[in-house]
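In what follows, a single structure is set out as structure tokens and then discussed.
Quick note on labels: first sequence line is chain A, next is B, and so on, each numbered from 1. Heavy-atom basis, side chains included; hydrogens, waters and symmetry copies ignored.
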There are 2 protein chains.
Amino acid sequence: MISLTEENYLKALFNLANNAGEVNVNELSKQLAIKMPTVTSMMKKLAEKKLVYYESYKPLRLTEKGKKEAALVVRKHRLTEMYLVDKMGFGWEEVHDIAEQVEHVRSAQFFDKIDELLGFPKLDPHGAPIPDKNGKLAWVSYDKLSNCHAGDIVKVSAVIHTSSEFLKFLNNREISLGTKIKIKSIEPFDRSMVVSYGNRPADTLSHIVCERLLVTFG
Amino acid sequence: MISLTEENYLKALFNLANNAGEVNVNELSKQLAIKMPTVTSMMKKLAEKKLVYYESYKPLRLTEKGKKEAALVVRKHRLTEMYLVDKMGFGWEEVHDIAEQVEHVRSAQFFDKIDELLGFPKLDPHGAPIPDKNGKLAWVSYDKLSNCHAGDIVKVSAVIHTSSEFLKFLNNREISLGTKIKIKSIEPFDRSMVVSYGNRPADTLSHIVCERLLVTFG
DNA sequence: TTATTTTGTTAGAATAATCTAACATTGTAG
DNA sequence: CTACAATGTTAGATTATTCTAACAAAATAA
């Protein structure tokens with residue numbers, strides 16, 4: 001049995017993992033707002049349970065079992081977010097904190113029903129892919145808007161670091177998933193982009209914003 | 001701040017309270033499946049927090065503050081049950097365990113939205129009243145079917161001790177809230193009732209069952 | 001009313017999850 | 001290459017929740 005606390009550590013490891021699947025104790029500590037010694041001791045515990053590979057002073061890595069369990073928590077989180085937006089009428093900026101709690105409900109029935117009522121969605125309201133019932137994640141590859149060039153016309157397909165503040169900012173600018181953006185020019189000084197979209201002929205997006213918008217060209 | 005564990009104690013106290021609002025340590029211990037010494041120490045803690053009146057060897061009683069907090073947990077539980085049945089398509093026998101977990105979600109927004117989507121229901125799927133946002137419970141007075149007499153025609157309005165097994169039994173007998181039952185006779189020997197309802201001209205309900213069915217005459 | 005059963009409390013220990021303080025290792029900047 | 005900074009670990013303490021064993025009070029039955 002995986003405790004609620006352990007679920008949170010697994011999820012954080014899953015979300016922080018780089019290409020190599022590695023995470024530092026320090027990063028994890030910051031992400032969870034839990035002090036490093038606590039993280040170290042929890043890693044030893046998760047290693048006992050064969051959920052994490054742990055060696056002193058080495059980066060952390062989920063085992064296959066750990067990855068699966070983590071993905072199942074992420075699945076519950078993302079399905080919940082989707083349900084809150086699609087079926088209950090919450091805004092995409094309101095759902096993270098609620099899903100953070102509902103994700104710990106232990107009832108396959110409950111999440112299967114949500115999945116079914118939503119028509120088995122592949123993406124959550126922020127464009128992140130929803131792992132399947134076996135913990136498999138169909139990874140979609142997006143580009144950061146910040147890596148695109150002047151003249152490109154792209155579609156906003158996902159957002160990262162989905163803080164409520166950032167999402168409210170996007171709401172104010174009338175940017176949502178699906179918004180088509182044309183890059184008119186890029187300011188070399190601060191890498192801000194002058195763009196046009198919707199009924200806005202010209203608008204400037206800071207580099208920070210452009211780094212958090214994931215886009216597709218199709 | 002009231003912990004999840006404390007919420008469970010408060011809810012159990014609320015549900016077990018007799019007319020005088022009193023509950024024994026032993027009863028509470030059985031209800032929660034937690035040993036008596038643990039219950040005693042938790043009662044001392046809740047007394048510190050002014051949620052419970054506690055004196056050695058005396059029955060337990062919620063304070064006004066405790067009653068309110070308990071009612072708010074019960075509110076979340078019953079709203080959740082109603083939502084699961086009305087909006088998600090679960091059967092009334094499936095919802096208790098899920099609601100038992102969802103009730104601990106801390107988000108006024110979430111439960112307000114559920115309330116609104118349901119149209120501010122007054123009763124849960126088992127006929128129990130839903131406390132309002134201030135923890136006030138509009139108590140409805142029902143009679144036990146077991147207290148009725150031969151010849152009475154009554155409507156099933158609520159069920160108590162809503163175990164999944166009991167509710168499945170009612171499903172099999174096609175008894176649900178609203179079912180009109182005519183009492184044809186009462187067997188003095190075991191107090192079972194011969195009744196008719198729906199398309200069943202005659203059916204026998206044991207005393208145990210009749211004790212758990214709450215009815216109205218209207 | 002005395003003996004027995006039931007109920008309730010105290011004392012002490014265990015587990016899970018967290019912290020701070022001190023120490024150790026690794027990485028980096030002169 | 002050394003010294004400082006950043007990262008990570010160990011040791012020991014704390015809080016919340018639970019338990020068992022032993023004792024105490026209250027209720028009940030003979």
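Put simply, CG on A:L79 and CD on A:E116 are 12.0 Å apart, with the number rounded to the nearest 0.5 Å. Atom-to-atom distance recorded for A:L13:CG and A:L51:CG is 10.0 Å, nearest 0.5 angstrom.
Seen from the ring of B:F166, B:R212 counts as a face-on cation partner, given the 6.0 Å and 45° thresholds.
Distance, A:L46 CG to C:dA16 P: 12 Å, rounded to whole Å. When the P atom of C:dA16 is taken as reference, atom CG of A:L4 falls 15 Å away, rounded to whole Å. Atom CD1 of A:I34 is separated from atom P of D:dT14 by 20 Å (rounded to the nearest Å). Atom pair B:I2:CD1 and D:dA16:P shows a separation of 14 Å (rounding to whole Å applied). To the nearest angstrom, P of C:dC19 lies 10 Å from CG of A:L32. Whole-Å rounding puts the A:E6 CD to C:dT15 P distance at 15 Å. The nearest whole Å value for the distance from the CG atom in B:N8 to the P atom in D:dA16 is 17 Å.
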Per-nt protein contacts along nucleotides 5-10 of chain D (heavy atom under 4.0 Å; B base, S backbone sugar-phosphate only, - none) come out as --SBBB
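Within 4.0 Å (heavy atoms only), B:T5 reaches sugar-phosphate atoms of the nucleic acid but no base atom.
Not counting sequence neighbours, A:Y57 has no partner by the side chain to side chain contact (heavy atoms under 4.5 Å, CB included) test.
Candidate nucleotides C:dT20, C:dT18, D:dT18 were compared by shortest atom distance to the side chain of A:K35, and C:dT20 ranks first.
Closest non-hydrogen pair, A:K49 versus A:M1, comes out as NZ-O, 3.0 Å.
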Which side-chain N or O atoms in residues 119-129 of chain A pair as donor and acceptor under 3.5 Å with protein atoms at least two apart or in another chain?
unit_1	atom_1	unit_2	atom_2	d
A:D124	OD1	A:H126	N	2.6
A:D124	OD1	A:G127	N	3.1
A:D124	OD1	A:A128	N	3.0
A:H126	ND1	A:E81	OE1	3.0
A:H126	NE2	A:W92	O	2.9

